[in-house]
> 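I have a structure I would like to understand better, so I am pasting it below and will then ask my questions one at a time.
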Amino acid sequence: MAADPGPEIVAFEVMHLRDVEDVVRNERSAYAFPWAGSIFVDCMAAGHECWIARFRGEVIGHAVLSVAAREAHLLNICIGLDAQRQGHGRALAEHMIARAIGRRARVMFLEVRPSNEIACRLYASLGFDEVGLRKRYYPAANGREDARILALRLDAGDA
């Protein structure tokens, strides 16, 4: 009898230019208003933390994190439509939180559409709290949608 290889896990890799086509494909599958590939190229050039999530050899997600002045900002996080609702989004968010901690950020911010109830629940379960609202932040089918500003304290041990 063969040994159980254990649960399959998602792997995280630094994003490269060769990944942008897959990243954009995932963006388009998951979002009505996806980022263009040039934005990811600009983020890599700017030195942001740009990561992909790979599962069973396929790029299934990505995230972009900016860190400056001990503050992290999760600029983008996406799991492609076919890979959603399998725990990959949580794993990627936890990876990005760990990256922010590793970069000595004291707090991590992000914006989320109030209509994205699944993401809102995920962020709440990770300990994010609402700290503000950006009016008319996101493009929407009927104009603009507000963004909830969420924050996660990362420096609980820094007294």
Side-chain angles (χ1 to χ4, degrees), residues 1-113 116-129 138 147-158:
M1 193 153 114
D4 181 359
E8 293 183 88
I9 60 170
V10 65
F12 304 109
E13 302 169 12
V14 172
M15 186 186 298
H16 296 282
L17 290 175
R18 66 180 174 263
D19 301 313
V20 172
E21 184 177 325
D22 290 330
V23 166
V24 170
R25 183 191 71 242
N26 284 329
E27 280 275 306
R28 289 182 178 153
S29 77
Y31 298 138
F33 300 92
W35 278 16
S38 60
I39 298 174
F40 293 101
V41 171
D42 290 347
C43 286
M44 286 185 276
H48 295 326
E49 294 258 349
C50 300
W51 289 82
I52 59 168
R54 191 178 296 277
F55 185 71
R56 297 180 180 164
E58 299 295 320
V59 176
I60 61 158
H62 55 274
V64 177
L65 181 75
S66 171
V67 182
R70 310 262 334 244
E71 290 185 358
H73 193 146
L74 188 61
L75 301 173
N76 184 306
I77 185 167
C78 176
I79 297 295
L81 186 62
D82 293 341
Q84 291 180 4
R85 303 193 64 96
Q86 299 173 41
H88 302 310
R90 174 177 294 280
L92 182 54
E94 289 172 344
H95 176 73
M96 299 311 288
I97 291 168
R99 296 299 305 171
I101 291 169
R103 297 276 304 272
R104 300 185 44 128
R106 292 182 176 162
V107 64
M108 184 171 179
F109 294 100
L110 60 84
E111 289 86 18
V112 63
R113 291 175 184 268
N116 190 342
E117 295 174 9
I118 293 170
C120 290
R121 284 194 303 272
L122 170 64
Y123 298 135
S125 75
L126 291 169
F128 283 86
D129 295 308
Y138 288 112
R148 294 177 62 207
I149 304 168
L150 306 183
L152 175 67
R153 276 190 64 99
L154 303 173
D155 64 345
D158 286 358

> Could you check whether any side-chain N or O of Arg70 sits under 3.5 Å from a backbone N or O of Arg104, counting only pairs where one atom can act as donor and the other as acceptor?
yes

> Please report the closest heavy-atom contact between Val67 and Ala72, naming both atoms and the distance.
CG2-CB, 4.0 Å

> Would you find a donor on one side and an acceptor on the other, under 3.5 Å apart, between the side chain of Ser29 and the backbone of Gly80?
no

> Listed by chain and number, what are the salt bridge (charged side-chain N to carboxylate O under 4.0 Å, His left out) partners of Arg56, not counting sequence neighbours?
Glu8

> So, taking the atom named CE in Met44 and the one named SG in Cys50, what distance separates them when rounded to the nearest 0.5 Å?
6.0 Å

> When rounded to the nearest 0.5 angstrom, what is the spacing between CD in Gln84 and SG in Cys78?
7.0 Å

> Minimum heavy-atom separation for Val10 and Ala53, please, with both atom names.
CG2-CB, 3.7 Å

> Using 0.5 Å steps for rounding, measure from the CD atom of Glu71 to the CZ atom of Arg106.
10.0 Å

> Kindly compute the distance separating NE2 (His73) from CD1 (Ile149), expressed to the nearest 0.5 Å.
8.0 Å

> Contact between Met15 and Cys43 at the side-chain level, heavy atoms closer than 4.5 Å - yes or no?
no

> Minimum heavy-atom separation for Leu74 and Leu110, please, with both atom names.
O-CB, 3.8 Å

> Looking at Ala119 and Val112, what are the two nearest heavy atoms and their distance?
CB-CG2, 3.9 Å

> Report the residues that fulfil side chain to side chain contact (heavy atoms under 4.5 Å, CB included) with Asp22, sequence neighbours left out, ordered by chain and then residue number.
Arg25, Val59

> Could you pull out the closest heavy-atom pair between Ile9 and Phe55, with the gap in Å?
O-CD1, 3.8 Å

> When rounded to the nearest 0.5 angstrom, what is the spacing between CG in Asn26 and CD1 in Ile79?
7.5 Å

> For the CG atom of Leu92 and the CD1 atom of Ile97, what is their distance to the nearest 0.5 Å?
10.0 Å

> Do Asn76 and Glu27 have side chains that approach each other closer than 4.5 Å (heavy atoms only, starting at C-beta)?
yes

> Go through it in stages, so that I can follow the logic: the residues are Phe33 and Arg113, the test is side chain to side chain contact (heavy atoms under 4.5 Å, CB included), and I'd like the CA-CA distance, side-chain angles, deciding distance and then a yes or no.
CA-CA 12 Å; Phe33 300 92; Arg113 291 175 184 268; 3.7 Å; yes

> Output all residues satisfying side chain to side chain contact (heavy atoms under 4.5 Å, CB included) with Glu13, sequence neighbours left out; order by chain, then residue number.
Ile52, Arg54

> Who are the ring pair (Phe, Tyr, Trp, His ring centres under 6.0 Å) partners of Tyr138, not counting sequence neighbours?
none

> With sequence neighbours excluded, tell me which residues meet side chain to side chain contact (heavy atoms under 4.5 Å, CB included) with Ala93.
Ile77, Leu126

> Look at the rings of Tyr123 and Phe128 and say which category their plane angle falls in: under 30° parallel, 30 to 60° tilted, over 60° perpendicular.
perpendicular

> So with a 6.0 Å cut-off around CZ of Arg90, is the heavy-atom count from everything else above 12?
yes

> How far apart are the closest heavy atoms of Leu154 and Ala100, and which atoms are they?
CD1-CB, 3.7 Å

> Just grab all the side-chain hydrogen bond (donor to acceptor under 3.5 Å, both in side chains) pairs involving residues 37-52, residues at least two apart or on different chains.
Glu49-Trp51, Glu49-Arg99, Glu49-Arg103

